[in-house]
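Below is one structure, written out as structure tokens, with a few remarks after it.
Side chains included, hydrogens not; waters and symmetry mates left out as well; all remaining heavy atoms used. Labels below follow one simple rule: chain letters A, B, ... track the order of the sequence lines, proteins then strands, and each chain is numbered from 1. Just so it is clear, the structure is predicted and the values come from calculations on it, not from any experiment.
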2 protein chains.
Amino acid sequence: MVQKSNPPEPRLPPEGEAPPEAKRRGRPRGYDPDVAVRQATATFWDQGYAGASLDDLSAATGMNRPSLYGAFGDKQTLFRIALDRYMDESRATMIQAFRAGGTLREALARVYQAALSRYLSGDVGGRGCFLVSAGLGQAVVDPVVRQTVADGLHELDRGFERLFSRAYEHGELPPGTDHAALARVAGVMVNALSVRARAGETRQQLEATITATVDLICGPRVSE
Amino acid sequence: MVQKSNPPEPRLPPEGEAPPEAKRRGRPRGYDPDVAVRQATATFWDQGYAGASLDDLSAATGMNRPSLYGAFGDKQTLFRIALDRYMDESRATMIQAFRAGGTLREALARVYQAALSRYLSGDVGGRGCFLVSAGLGQAVVDPVVRQTVADGLHELDRGFERLFSRAYEHGELPPGTDHAALARVAGVMVNALSVRARAGETRQQLEATITATVDLICGPRVSE
DNA sequence: AGGTTTTTATTCGAAATGGTACAAAAATCA
DNA sequence: TGATTTTTGTACCATTTCGAATAAAAACCT
């Protein structure tokens with residue numbers, strides 16, 4: 001019987017989480033799966049799914065195509081892995097920014113700055129948010145990606161909702177304020193930063209936009 | 001000497017602007033260049049530059065590949081044409097929305113609604129803004145596209161600047177308001193709508209976001 | 001050392017892709 | 001009608017692309 005040969009199960013962490021230095025059996029890998037995914041992610045990030053050929057990915061990771069396939073499965077699977085990993089990283093830093101306390105103004109600025117420095121990373125200029133720059137393109141074609149991206153945005157929105165809800169309860173917003181509406185505006189603004197970063201705006205411009213947004217939401221900073 | 005055979009000059013309007021029914025010489029075209037570009041635009045819009053194959057474009061326009069090439073030049077040229085045409089159309093409706101008068105609140109709502117209905121058009125669900133959804137991907141690779149997209153965003157920003165500047169002068173904003181900062185926030189919010197539309201949010205959700213934004217900028221609507 | 005296991009490197013192949021050559025088709029002009 | 005002009009349709013070509021088959025390489029185990 002002819003096997004249909006589905007994309008192999010990617011098995012990223014050979015075991016555990018920390019350095020699994022437990023003597024692996026065969027020939028040792030010539031690459032670090034973690035950095036390889038990171039490099040593949042960068043390639044997709046810059047060039048998009050369709051724009052990134054397997055040769056591009058191969059060059060970026062230093063792995064040849066059979067190794068790529070063996071390690072991560074086909075291109076679609078690799079993209080999903082890249083997306084998941086991006087989300088994990090992004091979630092981690094965002095949660096930190098949300099939770100670090102301080103005034104609403106401080107928290108907002110922290111969150112925007114965290115997003116921005118991610119969006120401006122990379123050596124081809126601003127890349128924006130992976131979800132937006134690469135994810136939304138592939139979402140049209142891959143339902144898994146579509147769902148993951150939607151979840152990611154929703155998660156972000158929830159973060160802002162909680163932030164504004166707490167701020168409201170702590171009296172940081174005038175009584176009667178529609179804090180849910182404020183949270184929505186604050187949340188989508190992150191996506192706007194992604195677009196503008198990708199469009200080549202400078203950090204200065206983007207930070208001015210952040211300041212303007214924060215001032216609009218929290219009221220302009222009063223000096224002394 | 002071997003000719004390098006550059007992409008042919010696309011000659012869209014055979015002459016004039018209105019129906020150029022001036023008896024063309026050879027076999028008549030089997031397509032309308034204007035709707036063909038529109039269909040090609042839709043394909044790029046949904047699938048991006050790299051994701052749209054010439055076969056896709058051929059199917060969408062009903063033209064076979066040689067006709068496509070003869071009429072518009074190579075794929076890159078066709079994309080630039082699609083981008084230019086999108087900008088022209090978009091500019092036209094946006095200028096209308098900006099100029100139609102009324103209060104700042106009304107003008108803002110009109111502009112956002114105009115953008116939104118464009119972003120939600122199409123049969124694959126929300127497509128967002130062509131500049132953002134397709135343009136920014138190709139901008140990495142094609143400097144002409146990069147410049148055009150940057151110009152488009154800048155033009156949008158200018159529209160908001162003028163709107164807010166006028167509103168300020170007419171006393172629609174509290175004295176001392178940093179109307180330039182407000183204009184920047186209002187402008188990038190259009191891009192946020194594009195992202196969220198593409199991510200599959202419903203018209204209701206997006207309109208709620210618009211309302212929240214307008215209320216934040218103009219102050220909540222006072223009933224009677 | 002010999003066997004086992006896993007990864008790497010070379011190579012291949014089928015399909016898709018962007019682009020083109022060329023003749024047939026469909027109109028006008030003389 | 002026949003010549004001319006322009007567009008269309010078929011077929012073709014070179015390259016790229018994704019994926020896989022296969023054997024060599026590099027480690028461990030006994």
Side-chain angles (χ1 to χ4, degrees), chain A residues 2-15 20-33 35-36 40 43-44 47-80 138 141-142, chain B residues 2-15 20-33 35-36 40 43-44 47-80 138 141-142:
Chain A
V2 178
Q3 295 274 33
K4 191 63 173 66
S5 168
N6 292 359
E9 295 283 303
R11 26 45 169 149
L12 276 192
E15 244 156 271
E21 271 326 318
K23 292 287 171 88
R24 299 180 44 82
R25 253 320 276 278
R27 174 173 175 169
R29 293 204 187 93
Y31 60 93
D32 177 344
V35 313
T43 305
F44 281 131
Q47 306 177 220
Y49 179 85
S53 71
L54 282 187
D55 279 344
D56 292 333
L57 294 164
S58 185
T61 58
M63 303 164 65
N64 46 31
R65 256 174 297 138
S67 292
L68 259 183
Y69 192 84
F72 307 119
D74 63 9
K75 194 180 169 184
Q76 189 175 43
T77 308
L78 177 53
F79 185 86
R80 291 177 183 173
Q138 190 57 5
V141 151
D142 185 334
Chain B
V2 178
Q3 295 275 33
K4 191 63 174 68
S5 165
N6 292 0
E9 295 284 302
R11 25 51 169 144
L12 276 193
E15 243 155 273
E21 271 326 317
K23 292 286 170 91
R24 298 180 46 83
R25 251 326 272 284
R27 172 174 178 170
R29 293 204 187 93
Y31 59 93
D32 178 343
V35 313
T43 305
F44 281 130
Q47 305 176 221
Y49 179 85
S53 70
L54 283 189
D55 279 344
D56 292 332
L57 294 164
S58 186
T61 57
M63 303 163 65
N64 46 30
R65 256 173 298 140
S67 292
L68 260 182
Y69 192 85
F72 307 119
D74 64 9
K75 193 180 170 185
Q76 188 174 44
T77 308
L78 176 55
F79 185 86
R80 291 178 183 171
Q138 191 56 6
V141 151
D142 185 334

Classify the angle between the aromatic ring planes of A/Tyr49 and A/Phe44 as parallel (below 30°), tilted (30 to 60°) or perpendicular (above 60°).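 It falls in the parallel class, under 30°.
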Run the numbers on B/Val141 and B/Gln138 for side chain to side chain contact (heavy atoms under 4.5 Å, CB included), then give the verdict. CA-CA 5 Å; B/Val141 151; B/Gln138 191 56 6; 3.7 Å; yes
Starting at atom [atom1] of [X], determine the distance to atom [atom2] of [N], rounded to an integer number of angstrom.
X	N	atom1	atom2	answer
A/Phe72	C/dT7	CZ	P	11 Å
B/Leu68	C/dT17	CG	C1'	14 Å
B/Arg29	D/dT5	CZ	C1'	13 Å
A/Lys75	C/dA16	NZ	P	15 Å
B/Asp74	C/dT17	CG	C1'	14 Å
B/Phe79	C/dG18	CZ	C1'	17 Å
A/Tyr49	D/dT17	OH	P	13 Å

What residues, two or more places apart in sequence or in another chain, satisfy salt bridge (Lys or Arg N to Asp or Glu O under 4.0 Å) together with B/Arg65?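 Counting only residues at least two positions away or on another chain, B/Arg65 forms a salt bridge (Lys or Arg N to Asp or Glu O under 4.0 Å) with B/Asp55.
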All salt bridge (Lys or Arg N to Asp or Glu O under 4.0 Å) counterparts of B/Asp32, not counting sequence neighbours: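 Partners of B/Asp32 under the salt bridge (Lys or Arg N to Asp or Glu O under 4.0 Å) test: none.
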Give the nucleotide from the list D/dT17, C/dT20, C/dT17 with an atom nearest to the side chain of A/Asp55.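 That would be D/dT17.
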State whether the side chain of A/Lys75 and the backbone N or O of A/Ser53 hold a donor-acceptor pair below 3.5 Å, judged by distance alone.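 Flag not set: sc A/Lys75 to bb A/Ser53 has no pair under 3.5 Å.
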Go through the structure and list residues passing side-chain hydrogen bond (donor to acceptor under 3.5 Å, both in side chains) with B/Asn64, not counting sequence neighbours.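 If we apply the side-chain hydrogen bond (donor to acceptor under 3.5 Å, both in side chains) test to B/Asn64, skipping adjacent residues, the hits are B/Ser67.
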Once you round to the nearest 0.5 Å, how far does CG of A/Leu54 lie from CG of A/Asp74?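 Interatomic distance, A/Leu54 CG to A/Asp74 CG, rounded to 0.5 Å: 8.5 Å.
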If I take atom CZ from residue A/Phe72 and atom CG from residue A/Leu57, how far apart are they, to the nearest 0.5 angstrom?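 CG of A/Leu57 is found 10.5 Å from CZ of A/Phe72.
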Let me know, please, whether B/Arg27 or A/Pro28 comes out on the 5' side of the other along DNA chain D by nearest nucleotide.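 The answer here is B/Arg27.
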For D/dA20, take OP1 and OP2 only and decide whether either is under 4.0 Å from a side-chain N or O of A/Tyr69.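 For D/dA20, OP1 or OP2 has a side-chain N or O of A/Tyr69 closer than 4.0 Å.
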Side-chain N or O of A/Ser67 less than 4.0 angstrom from OP1 or OP2 on C/dT8?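 Indeed, a polar side-chain atom of A/Ser67 lies that close.
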Atom of B/Thr61, atom of B/Ala40 and distance for their closest heavy-atom approach: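 Closest approach of B/Thr61 to B/Ala40, heavy atoms only: CG2-N, 3.9 Å.
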Expected rows: protein N/O vs nucleotides 28-30 of chain D N/O, under 3.5 Å:
| unit_1 | atom_1 | unit_2 | atom_2 | d |
| --- | --- | --- | --- | --- |
| D/dC28 | O4' | A/Arg25 | O | 3.1 |

Please list residues of residues 59-66 of chain B whose heavy atoms come under 4.0 Å from any atom in DNA chain C, ordered by number; otherwise none.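 Heavy-atom cutoff 4.0 Å gives B/Arg65, B/Pro66.
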